[in-house]
Colleague: 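One structure follows; several queries about it will come next.
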Amino acid sequence: MTIARGGRLPNGLDAAMERLNTSVDVDGELWREDIRGSIAHARGLARAGIITDAEAEAIVGGLGRVAGEIERGELRFRRDREDVHMNVEARLVELIGAVGGKLHTGRSRNDQVATDLRLYCRRLGEETLASMERLAGVLLARAEVEIDTLMPAYTHLQRAQPSRLSHHLMAWQELVWRDHARLTDGLDRANECPLGSGAVAGSGFPLDRAGVARELGFASPTRNSIDATGSRDFLIEIASALALAAVHLSRIGEELVLWSTSEFGFVVLSDGFSTSSSMMPQKKNPDVAELVRGRAARAMGTLTSLLALEKSLAFGYGRDLQEDKRPMLDAFDCVLPCLDALAGALATCHFDAGRMRQALERGHLCATDLADFLALKGVPFREAHHVVGALVREAEAQGIELSALPQATFAAAHPALATDERRAALDVALAVERRTVLGGPAKSTVLAAIADARARWLAVSAARG
Ligand code: ARG
């Protein structure tokens with residue numbers, strides 16, 4: 001039986017068309033949402049007096065049985081039944097008989113699939129938000145534990161100024177914070193129920209749209225049937241938030257790859273998140289970070305696919321929209337495993353405070369502090385910058401650090417540098433603690449930032465319930 005063809009097309013599909021037409025291998029993933037939506041629709045039909053309570057009960061009971069069969073792996077979806085919707089409905093009719101055919105009253109697969117998608121995004125979206133919260137929790141915990149670990153801050157990937165590891169970890173955390181907010185925002189906008197929109201122009205049945213929306217946990221029903229069935233901007237928005245989150249995770253991945261090289265040596269990943277080589281016995285590779293980095297490429301592809309799918313699409317459902325499933329499923333698959341793996345890797349890695357400290361000792365990292373010292377003495381900053389720049393050049397020529405230049409060289413460069421007072425400016429630890437400005441790396445400032453972030457994360461996760 002191919003319900004989708006009904007009485008209009010009694011002849012079967014061409015095999016080539018069937019191959020193109022079928023989507024159940026992909027949208028079968030939506031079976032939980034499809035059944036949940038159908039149960040709410042059946043109950044709504046009964047409330048509106050369109051079917052009897054007994055009929056609704058039979059349908060709801062039958063749908064429960066179908067769900068059980070799928071759960072236990074007993075029901076194999078049939079490609080000739082096109083999609084998940086037809087597979088579920090056909091099985092329902094097989095199980096409970098003709099009354100099952102009443103389920104599709106006042107409904108089209110167009111409002112059905114739009115509902116399934118939104119429910120799916122909500123479920124996976126909640127999982128993703130929870131994983132983001134876990135990753136943020138790991139970052140905050142490590143930032144707290146590593147509060148006394150100093151390291152360089154980089155620009156152009158060159159050592160720039162003295163900073164602390166916690167400050168760097170908190171920079172990562174800021175990205176996760178914004179990704180969480182963007183995804184939440186996208187999920188909020190998707191939180192409307194299309195059921196009752198029919199194929200495109202609603203329904204003549206007195207459907208209880210508000211009740212169905214409420215039962216499915218949506219904030220409200222959608223407002224326009226043409227829009228609700230034929231627009232997927234909610235998916236684009238969510239995929240966009242996910243693609244950006246993946247890009248952010250790729251940046252963290254990139255730094256873990258760099259930091260775990262023997263050249264940097266800032267981090268040692270735990271065995272549970274490292275792999276070896278099939279050929280080189282000595283190898284310990286940071287695959288977790290590389291896989292996260294690589295998966296961002298796929299995430300970007302999902303966003304591009306969805307944007308292209310929507311481009312120039314005339315209003316009212318078009319079958320093109322069937323192609324939205326794979327990128328949508330993939331968008332979540334590009335982020336969720338990465339969040340969890342990174343959280344695990346970061347919770348179990350060893351940060352090498354000694355190597356980070358060593359990195360602070362080379363590269364004249366306190367040059368800005370020395371210029372600032374002169375500026376505090378009333379020297380115009382531009383002039384101070386010039387004086388210190390020349391001193392760095394001199395140190396480079398001698399193959400030593402700025403701080404190791406002889407007293408006489410400092411005195412000759414500027415009278416304000418003649419005294420021992422300059423030593424404090426050239427001390428990396430003091431240089432970090434001097435940066436108490438809001439958003440800076442001083443210990444007290446970072447501790448306050450961690451406390452503030454902890455409170456904000458607690459509030460958002462509590463708000464999700
Ligand atoms: N599998 C279809 C999709 O994902 C369901 C809707 C089909 N609607 C239709 N008019 N053929 O878009």
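What's counted below: heavy atoms across the whole structure, side chains too, no hydrogens, waters or symmetry copies. In each ligand, atom 1 is the first atom listed, and ligand 1 is the first ligand listed. The model shown is predicted, which means the values in this text are computed figures rather than measured ones.
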Colleague: For Lys325, take its heavy atoms, then give the atoms of ligand 1 lying under 4.0 Å from any of them.
Modeller: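 Within the 4.0 Å cut-off of Lys325, ligand 1 contributes 3 (C), 4 (O), 12 (O).
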
Colleague: Flag the pair Glu215 and Arg36 as a salt bridge only when some basic side-chain nitrogen lies within less than 4.0 angstrom of an acidic carboxylate oxygen.
Modeller: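 Not counted as a salt bridge, because no side-chain N and carboxylate O are separated by less than 4.0 Å.
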
Colleague: Think Arg142 forms a cation-pi with Phe351, using NZ or CZ under 6.0 Å from the six-ring centre and within 45 degrees of its axis?
Modeller: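 No, Arg142 does not sit over the ring of Phe351.
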
Colleague: If the cut-off is 4.0 Å to any non-hydrogen atom of Val113, which atoms of ligand 1 fall inside it?
Modeller: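 In order of number, 4 (O).
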
Colleague: Which one of Arg295, Arg298, Lys325 satisfies the salt bridge (charged side-chain N to carboxylate O under 4.0 Å, His left out) criterion with Asp330?
Modeller: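 Testing Asp330 for a salt bridge (charged side-chain N to carboxylate O under 4.0 Å, His left out) against Arg295, Arg298, Lys325 leaves exactly one candidate, Arg298.
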
Colleague: So, Arg251 and His248: side-chain donor and acceptor under 3.5 Å apart, yes or no?
Modeller: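 Side chains of Arg251 and His248: no pair found under 3.5 Å.
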
Colleague: For Glu82 and ligand 1, answer yes if some heavy atom of the residue is under 4.0 Å from a ligand atom, otherwise no.
Modeller: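 Contact absent.
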
Colleague: Quick one: does Gln322 get an N or O within less than 3.5 Å of an N or O on ligand 1?
Modeller: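 Yes.
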
Colleague: Can you report which non-hydrogen protein atom sits closest to atom 3 (C) of ligand 1, along with the distance?
Modeller: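 The closest heavy atom on the protein side is Tyr317 OH, 3.3 Å.
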
Colleague: Run through Gln322, Met86, Arg79 and flag the one making a side-chain contact (heavy atoms from CB on, under 4.5 Å) with Thr22.
Modeller: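 By the side-chain contact (heavy atoms from CB on, under 4.5 Å) criterion, Thr22 pairs with just one of Gln322, Met86, Arg79: Arg79.
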
Colleague: If you measure only the distance, is there a donor-acceptor pair under 3.5 Å linking the side chains of Arg134 and Ser131?
Modeller: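 Per modelled atom types, Arg134 and Ser131 side chains form a pair under 3.5 Å.
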
Colleague: How close does the nearest protein non-hydrogen atom get to atom 11 (N) of ligand 1, and which residue and atom is it?
Modeller: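 Here the closest protein heavy atom is Arg109 NH2, 3.6 Å.
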
Colleague: Are any of the N or O atoms of Asn110 closer than 3.5 Å to those of ligand 1?
Modeller: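 Yes, there is a polar N/O contact under 3.5 Å.
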
Colleague: Please could you name the atoms of ligand 1 that Asp83 approaches to less than 4.0 Å, counting only its heavy atoms?
Modeller: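 The atoms of ligand 1 under 4.0 Å from a heavy atom of Asp83 are 1 (N), 2 (C), 5 (C).
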
Colleague: Does the cation-pi check pass for Arg123 over Phe332, that is, NZ or CZ under 6.0 Å from the six-membered ring centre and within 45° of its axis?
Modeller: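 The answer is no; the distance or angle limit is not met.
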
Colleague: Which of the numbered atoms in ligand 1 are under 4.0 angstrom from any heavy atom belonging to Ser23?
Modeller: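 Those atoms are 1 (N).
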
